[in-house]
Amino acid sequence: MWVLVFFDLPTETKKDRKVYTVFRDKLIKDGFTMFQFSIYLRHCASRENADVHIQRVKNNLPPHGQVGILCITDKQFGNMELFIGKKEKEVTTPYQQLELF
């Protein structure tokens, strides 16, 4: 399961930029990786694990701006198509999954 966090936070004042930086740093500290500007993602082993990380994001919500959280399965993530310009780019995962046989 993948947890994606989308956010659009104000950055007009020095205080706004500080709030933005603190929120972003907490995402990174919790294991999220930048996918695009203001889009961070994290792989979770189960729905229960995803719920823990979603609650951490909710606990750190900034007072202003917009934040969205989306959960998708590994299969849905694998079906994503990425393009740089007009060239397709293979989707790479920012983690190595341990497989036990």
TODO: Any chance you could lay out the side-chain hydrogen bond (donor to acceptor under 3.5 Å, both in side chains) test for Gln55 and Asn59, step after step, and finish with the verdict?
DONE: CA-CA 6 Å; Gln55 190 58 48; Asn59 290 340; 3.1 Å; yes
- [ ] Quick one: which residue pairs count as a side chain to side chain donor-acceptor pair (under 3.5 Å) with a foot in residues 63-73, not counting sequence neighbours?
- [x] Thr73-Gln76
Task: Verdict with supporting geometry, Val67 and Leu9, side-chain contact (heavy atoms from CB on, under 4.5 Å) - done: CA-CA 8 Å; Val67 177; Leu9 304 178; 4.2 Å; yes
- [ ] Apply side-chain hydrogen bond (donor to acceptor under 3.5 Å, both in side chains) to the pair Asn49 and Ser46, showing each step before the final yes or no.
- [x] CA-CA 5 Å; Asn49 184 249; Ser46 65; 5.6 Å; no
Open item on the list: Could you check whether any side-chain heavy atom of Val57 comes within less than 4.5 Å of a side-chain heavy atom of Leu27, counting everything from C-beta outward?
Closed with: yes
Open item on the list: Rounded at 0.5 Å granularity, tell me how far CG in Leu70 sits from CD1 in Ile39.
Closed with: 10.5 Å
Open item on the list: Taking ring pair (Phe, Tyr, Trp, His ring centres under 6.0 Å) as the definition, give me every residue that meets it alongside Phe32, ordered by chain and number, with sequence neighbours left out.
Closed with: none
TODO: Flag the pair Asp30 and Lys26 as a salt bridge only when some basic side-chain nitrogen lies within less than 4.0 angstrom of an acidic carboxylate oxygen.
DONE: no
Task: Single-linkage hydrophobic cluster, 4.5 Å side-chain cutoff, Leu82 and Phe37 together - done: no
TODO: Could you grab the distance from atom CE of Met80 to atom CZ of Phe35, nearest 0.5 Å is fine?
DONE: 4.0 Å
TODO: Would you kindly confirm whether Ile54 and Ile72 end up in one hydrophobic cluster when ILVMFWY residues are joined by side chain heavy atoms under 4.5 Å apart?
DONE: no
- [ ] Mark yes or no for whether Arg42, through its side chain, and Thr33, through its backbone, hold a donor-acceptor pair below 3.5 Å.
- [x] no
Task: Minimal non-hydrogen separation, Arg24 against Tyr40, with atom names - done: NE-OH, 2.7 Å
- [ ] Identify the two heavy atoms, one from Val19 and one from Pro63, that lie closest to each other, and give their separation to 0.1 Å.
- [x] CG1-CD, 4.1 Å
- [ ] Please name the pair of heavy atoms, one in Asp16 and one in Thr11, separated by the smallest distance, quoted to 0.1 Å.
- [x] CB-CA, 3.8 Å
Open item on the list: I'd like to know whether CZ of Phe83 has more than 12 heavy-atom contacts from other residues, nucleotides or ligands below 6.0 angstrom.
Closed with: yes
Open item on the list: Give me the atom names and distance for the closest heavy-atom approach of Cys71 to Val3.
Closed with: SG-CG2, 4.0 Å
Open item on the list: Below 30° counts as parallel, above 60° as perpendicular, anything between as tilted: where do the rings of Phe23 and Phe7 land?
Closed with: perpendicular
Task: Nearest non-hydrogen partners of Gly65 and Pro10, listed with the distance - done: CA-CD, 3.8 Å
Task: Hphob cluster co-occupancy, Ile28 + Tyr20, side-chain heavy atoms under 4.5 angstrom - done: yes
Task: Closest non-hydrogen atom pair between Cys44 and Ala50, with its separation - done: SG-CA, 3.6 Å
TODO: Consider only side-chain heavy atoms of I, L, V, M, F, W and Y, link residues closer than 4.5 Å, and tell whether Met1 and Val52 are in one cluster.
DONE: no
Open item on the list: Can you confirm whether Asp25 sits close enough to Lys29 that some side-chain heavy atom of one is under 4.5 Å from a side-chain heavy atom of the other?
Closed with: no
- [ ] Could you identify which residues cluster with Ile84, counting Ile, Leu, Val, Met, Phe, Trp and Tyr as linked when any side-chain heavy atoms lie under 4.5 Å apart, either directly or through a chain of such contacts?
- [x] none
